Amino acid sequence: MLNNLEDNLLRKNAHIILVQLDVSDSFVSKIGDYLDKKRRKDILLIKQNKIKEKYNNGVNDSDLEKLFKLYRIYEFSDRVILISKEKNYGDLFNYVNTGLISEREMLEALLE
Amino acid sequence: MEKKYYNEMVKKFIELEPQMNGGAIYLFGHCEASLTLADFLLAKEVQIKGILDNSQQKQGLEYKKIPVVKPDIILEDNNANTVVFIVTRFYEAMNSQLRDLGFVGKVIKLVDYNTYAEYSLDEEVIARKTKRLEEGIKILERVKLYYKDCFVLLCPFNALGDIYFAMSYLPMFLRKKCYKDVVICVPSIVCGDVARLFDITNIEVFSQNELDALIQAVIYTEDKQCYIAHQDRPYVVDLHKILAIKLIPLDMIYRCGVYGLPIDTVPVEPVNWKEYDRLNNIIEGKAVIISPYAKSVVGIQNDIWKEIVDDYKSQGYQIFTNVVGDEVPLEGTEALTAPLNEMKSVVERAGTFIGIRSGLCDVLKTANCRKIALYPDYNYCDTKWKAIDMYAIDSFENIVVNGDYKWRK
């Protein structure tokens with residue numbers, strides 16, 4: 001099963017963006033729009049419990065839950081990005097919320 | 001490079017040496033640790049063909065005649081005898097990059113800097129990492145049981161400056177989190193000493209591996225009573241990524257990025273100072289304390305330190321080198337070792353402090369004397385920003401030491 005994840009996700013995509021449930025759908029859409037504009041078809045955008053359909057690689061929800069869990073156990077790839085709002089560490093949202101950078105700059109920093 | 005890592009590097013190299021078959025040798029990553037390894041190998045008369053680095057700013061540089069080159073140069077020596085040594089925490093990413101390039105030689109990690117990463121989904125790896133996580137959860141439970149109702153702040157990296165920034169903004173962060181009491185978890189006694197300067201009393205010192213496991217447990221459990229205070233560690237922290245497009249000095253990274261505090265938040269100052277008991281040995285206002293050593297910063301050439309020593313000597317100054325452990329004082333100076341919380345009294349008595357830009361400069365930020373920080377001319381991590389852009393301190397004279405630099409008398 002994990003080999004399936006490795007084959008279907010890690011080897012097929014330049015990067016995988018894991019978005020936790022606590023991140024709003026509107027922000028996920030902004031990421032999606034950014035990727036579309038940049039024509040980054042090699043980046044897989046996944047929201048917890050919900051794969052964006054157009055990027056679905058035939059990986060089911062249960063496997064994705066395992067992926068989210070595993071990424072909190074160790075760094076199994078440097079091509080995975082975890083986006084969450086309620087974290088117990090600092091993140092790029094803090095820069096946006098304090099007015100230091102714009103949301104556009106955050107997306108650029110995160111995705112380029 | 002910290003001594004324990006240096007010893008680990010030397011031990012591993014000596015074990016591997018008999019298996020090396022005369023192939024080309026490369027290092028990956030132009031950083032202080034790699035340069036320390038280069039020095040060690042050169043002293044053993046081992047030839048290094050190049051230092052691989054992804055940073056375009058670094059490609060073209062030389063270190064002791066070893067060129068810094070882009071990683072795909074390795075394909076010119078793509079055979080089983082070629083060896084790439086790695087002594088940075090990015091071993092997994094570097095190894096993966098070399099394999100993606102098609103490199104078939106050996107990629108060897110000489111120091112285990114990063115227990116979080118292993119780029120594999122093998123069952124054995126998952127089992128091992130899960131065991132590590134379980135150990136971390138046990139440590140977390142112990143900490144929370146002992147420090148009931150305390151907020152748990154984790155400082156992942158053994159660097160004085162990082163702890164200093166983390167402590168400078170902690171009171172405001174605790175207020176935001178509605179916590180009164182806190183326990184600080186650090187990877188070394190001296191990091192705990194920095195926390196004590198800020199009147200923190202609950203301090204737990206862990207080995208780096210234990211602390212890594214504890215932090216992994218905090219990531220896994222998403223425990224809201226805990227917080228990891230760092231700008232680029234562990235792997236889930238993305239704050240440093242903004243540096244690819246915008247310069248944000250380290251102080252601001254901690255204030256706004258790590259803690260999410262308003263831009264105009266004023267840092268608190270350390271208060272828990274003591275007086276050095278041998279102050280009378282220092283001539284008041286006519287002495288200089290030189291701090292030439294830093295464990296994770298590229299060094300400054302001896303010639304520069306000699307110029308500084310000669311200059312102050314000609315002016316009749318008493319000159320001390322601040323040393324720790326087996327560090328050697330600069331020629332013509334006296335060794336001075338003082339506890340961290342007494343260093344402010346030492347430099348204030350002397351009147352002048354000159355140091356390589358290290359965490360000690362942060363600790364002495366509020367000392368009332370002439371303070372000079374010397375910055376080796378290097379880029380911060382793999383960014384286009386220079387160290388001085390990231391680390392300049394308002395209360396210091398900040399000076400970049402590049403190849404042409406001469407000490408101005």
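Residue numbers begin at 1 in each chain, while the letters A, B, ... track the order of the sequences. Fair warning: this is a prediction, and the values are worked out from it, not measured in the lab.
Top candidate by heavy-atom pairs under 4.5 Å with chain B, chosen from I81(A), D91(A), V96(A), is D91(A). Of the listed residues P262(B), G257(B), G260(B), A93(B), the one with more heavy-atom pairs under 4.5 angstrom with chain A than any other is G257(B). When each of Y116(B), Y259(B), Y235(B) is checked for heavy-atom pairs under 4.5 Å with chain A, Y235(B) comes out on top. Comparing L110(A), I101(A), N94(A) by heavy-atom pairs within less than 4.5 Å of chain B, the highest count is held by N94(A). Comparing I228(B), V237(B), D238(B) by how many heavy-atom pairs each has under 4.5 Å with chain A, the most go to D238(B). With chain A as the partner, the residue from T221(B), T115(B), I242(B) showing the most heavy-atom pairs under 4.5 Å is I242(B). For the set E105(A), K87(A), E75(A), the entry with the most heavy-atom pairs within less than 4.5 Å of chain B is E75(A).
Using a 4.5 Å cut-off between heavy atoms, I245(B) touches chain A through its side chain atoms alone. Residue N97(A): no heavy atom, backbone or side chain, is found under 4.5 Å from chain B. Heavy-atom distances place both the backbone and the side chain of E222(B) under 4.5 Å from chain A. Both the backbone and the side chain of V218(B) come within contact range of chain A, each with at least one heavy atom under 4.5 Å from a heavy atom of that chain. In this structure, no portion of I83(A) lies under 4.5 Å from any heavy atom of chain B. With a threshold of 4.5 angstrom between heavy atoms, K129(B) approaches chain A through its backbone and through its side chain. Neither the backbone nor the side chain of R255(B) has a heavy atom closer than 4.5 Å to any heavy atom of chain A. Heavy-atom distances place both the backbone and the side chain of Y71(A) under 4.5 Å from chain B. Contacts of L261(B) with chain A are made by backbone atoms alone, with heavy-atom separations under 4.5 Å and no side-chain atom involved.
No side-chain donor from either of E204(B) and Y146(B) sits under 3.5 Å from a side-chain acceptor of the other. With 3.5 Å as the limit, one finds no donor-acceptor pair spanning the side chains of E118(B) and Y74(A).
Identified by a heavy-atom distance below 4.5 Å to chain A, contributing residues of residues 165-184 of chain B are lacking entirely.
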Subject >> Residue pair L107(A), R104(A): steps toward the side-chain contact (heavy atoms from CB on, under 4.5 Å) verdict >> reply: CA-CA 5 Å; L107(A) 288 175; R104(A) 172 83 191 181; 5.8 Å; no

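A heavy-atom distance below 4.5 Å is not found between the side chains of R142(B) and L145(B).
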